[in-house]
Amino acid sequence: MADEPLDASPSAPSAAAAADGVFSSSPSSAAPAPALRPRREAFEHGLLPIPKLIFPEGTLAQTLAQLKERLAPGGPRVGAAVLAEALQIPAEQAALALGTLAAVLPAEDPALGEDGAGEADLRDLLLFLYIQSYKRLVPRGHKDSPAVADVWPSTSAFDGCLSALSPIQLIPNVAVAVADWNAAYSKCVRSLIAFIRCNSRRFMPSQADEEAHQLSYLQKHMANILTLLADSVDGEGDDSMVLTMETFEHLGFLLQLSEGTYLSQGASFFANSDPDMPAAPVPASLVHDWILQHIASTLEFMAEKSSAKENSQQNASDPDVTMSDAVTNTRIHSSSPTGTSAPNNPGYYRNTTFVEGLSKTSVVKQASDMKGHSIKVFNCHDSVIYILAPLKYATVYGCSDTTIVLGAIGKVVKVEHCERVQIIAASKRICIANCRECTFYLGVNNQPLIVGDNHKLQVAPFNTYYPQLGEHLAQVGVDPNVNKWDKPFVLGVVDPHDSFSHPAGVSDVQAESATCLDPDLFMNFLIPSWFEPQGPTKYNPFTLPEVYWASQRKKHASLEDIQKNIRELEIDDNRKKELACALHAQFKDWLYASGNIRQLYCLQGE
């Protein structure tokens, strides 16, 4: 599916039109210029907090040019061992870098492999290393900053972009009318945090803001990037550095016209090339002008659109998500208006589905509900979310007290800034950052990556299935015979890409790792069969370790003993009815106490 925005593309300035010949000279027949967009996957899933991969901006271009000179004599491809020696990093970190590169490439590189076990194209590697200098956009402040500062109680890495007030400073402001302050303290804190989390998107950059920030970064650094990729030829000045069409296409790692559309198809200097004959190289300066003109045009268009939204009547709601579009093609049943999803909203792009702001509800999204190859779950609280579809990327951000099932993710799952969530995921890779008291039931082909300020994380083997799971795993290339759930790869607490990851000046230390869930606490997670009634998968495709199998057998044996004892009770029919009623009452009480009764009500509406 196309990756372009649903709204119109910007029109490039006349200078760009003259430069690449995209436009007709007649105003009435002018066609819109191709809008250059950043490839978000590279920036969202391709950054690693490994200090030796991140070079100071002042020497970035020079350092990478020297690295290119060292690596180029070895051929056009680079393996993990060569990269480790060149950068003086451990072999496992070099392998992680190549694996991450493989996961965010726009198309699979057979020589590198899906898991990065082969050798990377030197041009892709240089681009990957270059963007390690990228700094994420600082979260935008609330319009009423003083008011916000009076409400949000945190200074940790988890809540770094918010206020510095502690709960002791916070509670008197909201508990003036509360007679028993001590009894209300805990409840007030939790309620306020839940409220802020459900409405916290205002504190974060919007998708449009992040994309504009990424484009601005590329605009600033494009001259250096092209110099890194260009070949030197005989000539003077601008004509001494040229790019071949093949090298130009490697910029598709960072920029895109639309999914599946080659960059060269939008540039006149390569657009009409004979497929049977190699195109002649073009000066790097021409490519630079073409890219900057189109980036400037896109940024101008985005700024105008953002300004128009701010002045519109819809200013009261989020500029990227409107409630009228929230439930289109999405199964959401909620007793409150906080459950939203925006797969078809014009502010988003067609390759991503969003589930945002759910509170005390349940959501089921199947393959037919998906828009593109990515899912993002934002700011959901006390909910159960089923993503039963084959996808490439999944992001879970800012959720609490929520269970999220991710059926089959072929590239990367990223979980950030979550508290007390259960993630059930089958994926090639997973990255966990800045989470607290979370449990991850994993079927992963690579080591789980743990970074940032984490506390009390637990990992366990994958524990569920649905009828189409086996087909979905095969579709995205996840191997159920390989599961590295219990082998986490732990990096540092400080994330150099995030200005809020840690107070400035504090030296980095290794992040807190995850512990394995006690087998006696391991339970299978049952997905209601009415979601996907047809399919070949009848059991969990990931093999459980023996210690977890033993625990399951013990529980099943205990259950069978209880059932047998009940059947063998020598009591009359009236007493049997009383016993049955007592069991049903206890089960009903458990449903209400655990909150599962709400899930049943929500999902029965399907």
Side-chain angles (χ1 to χ4, degrees), residues 183 186-187 190 194 331-336 339 358-366 380-386 388 401-405 407 420-422 424 439 441 458 460-469 517-542 544 546-606:
S186 179
K187 184 176 181 180
R190 183 171 287 270
R331 293 175 180 159
I332 296 180
H333 299 276
S334 176
S335 58
S336 70
L358 294 174
S359 180
K360 299 182 183 299
T361 190
S362 299
V363 167
V364 183
K365 295 188 75 65
Q366 298 168 295
C380 295
H381 172 71
D382 197 10
S383 297
V384 181
I385 300 167
Y386 300 86
L388 311 182
D401 302 291
T402 294
T403 297
I404 302 169
V405 180
R420 299 178 304 281
V421 302
Q422 291 188 76
I424 304 171
T439 304
Y441 296 88
Q458 292 184 303
F462 194 71
N463 67 339
T464 193
Y465 71 93
Y466 57 92
Q468 300 297 326
L469 178 58
L517 182 70
D518 186 335
D520 290 336
L521 300 178
F522 179 84
M523 297 288 290
N524 287 321
F525 185 85
L526 180 62
I527 297 176
S529 60
W530 63 77
F531 294 162
E532 297 234 10
Q534 302 297 324
T537 305
K538 308 297 183 183
Y539 55 87
N540 182 352
F542 291 89
L544 282 181
E546 177 56 32
V547 64
Y548 288 90
W549 265 123
S551 177
Q552 292 294 93
R553 289 195 296 268
K554 179 180 177 182
K555 291 173 184 175
H556 284 301
S558 298
L559 177 60
E560 290 175 355
D561 287 343
I562 293 173
Q563 291 173 332
K564 179 181 177 182
N565 291 335
I566 291 176
R567 285 194 301 267
E568 294 177 350
L569 283 175
E570 297 181 357
I571 55 178
D572 58 35
D573 290 344
N574 288 334
R575 296 295 301 276
K576 287 182 179 180
K577 290 181 180 178
E578 290 177 4
L579 177 60
C581 289
L583 290 173
H584 289 157
Q586 289 294 321
F587 180 66
K588 187 176 180 180
D589 289 344
W590 173 82
L591 283 175
Y592 279 98
S594 65
N596 286 317
I597 189 67
R598 184 179 64 245
Q599 186 183 173
L600 287 178
Y601 287 145
C602 288
L603 299 178
Q604 280 180 341
E606 298 291 326

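Quick note: residue numbers are just sequence positions, from 1.
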Got a donor-acceptor contact below 3.5 angstrom from the [X] side chain to the [Y] backbone?
X    : Y    : answer
K576 : I566 : no
S383 : T361 : yes
T464 : L526 : no
N463 : M523 : yes

If I take atom [atom1] from residue [X] and atom [atom2] from residue [Y], how far apart are they, to the nearest 0.5 angstrom?
X    : Y    : atom1 : atom2 : result
T402 : K360 : OG1   : NZ    : 10.0 Å
Y386 : I404 : OH    : CD1   : 12.0 Å
Q586 : C581 : CD    : SG    : 12.5 Å
K577 : I571 : NZ    : CD1   : 12.0 Å
D401 : Q422 : CG    : CD    : 10.5 Å

Q. Does any non-hydrogen side-chain atom of L559 lie less than 4.5 Å from one of Q563?
A.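 The answer is yes, as the side chains (C-beta and beyond) meet within the 4.5 Å cut-off.
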
Q: Answer whether the closest heavy-atom distance between the side chains of T537 and Q468 falls below 4.5 Å.
A: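 Side-chain contact under 4.5 Å: no.
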
How close do [X] and [Y] get, heavy atom to heavy atom, and via which atoms?
X    : Y    : value
K555 : L521 : NZ-C, 4.1 Å
I424 : F525 : CD1-CG, 3.5 Å
N540 : F542 : OD1-N, 2.9 Å

Q. What pairs with Y539 under side chain to side chain contact (heavy atoms under 4.5 Å, CB included), at least two apart in sequence or on another chain?
A.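 Listed in chain order: nothing, the list is empty.
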
Q: Walk me through it: do V405 and Y466 pass the test side chain to side chain contact (heavy atoms under 4.5 Å, CB included)?
A: CA-CA 11 Å; V405 180; Y466 57 92; 5.6 Å; no

Q. If you draw a 6.0 Å radius around NZ in K554, do more than 12 non-hydrogen atoms from other residues or ligands fall strictly inside?
A.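 For K554, atom NZ is not crowded (no more than 12 foreign heavy atoms under 6.0 Å).
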
Q) In terms of the angle between their ring planes, are Y548 and F522 parallel, tilted or perpendicular, with boundaries placed at 30° and 60°? A)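 Judged by the thresholds at 30° and 60°, the geometry between Y548 and F522 is perpendicular.
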
(Q) Salt bridge or not between E560 and R553? Use side-chain N to carboxylate O under 4.0 Å. (A)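 No.
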
Q: Before giving the answer on side chain to side chain contact (heavy atoms under 4.5 Å, CB included), spell out for N524 and Q552 the whole-Å C-alpha distance, their side-chain angles and the decisive distance to 0.1 Å.
A: CA-CA 9 Å; N524 287 321; Q552 292 294 93; 2.7 Å; yes

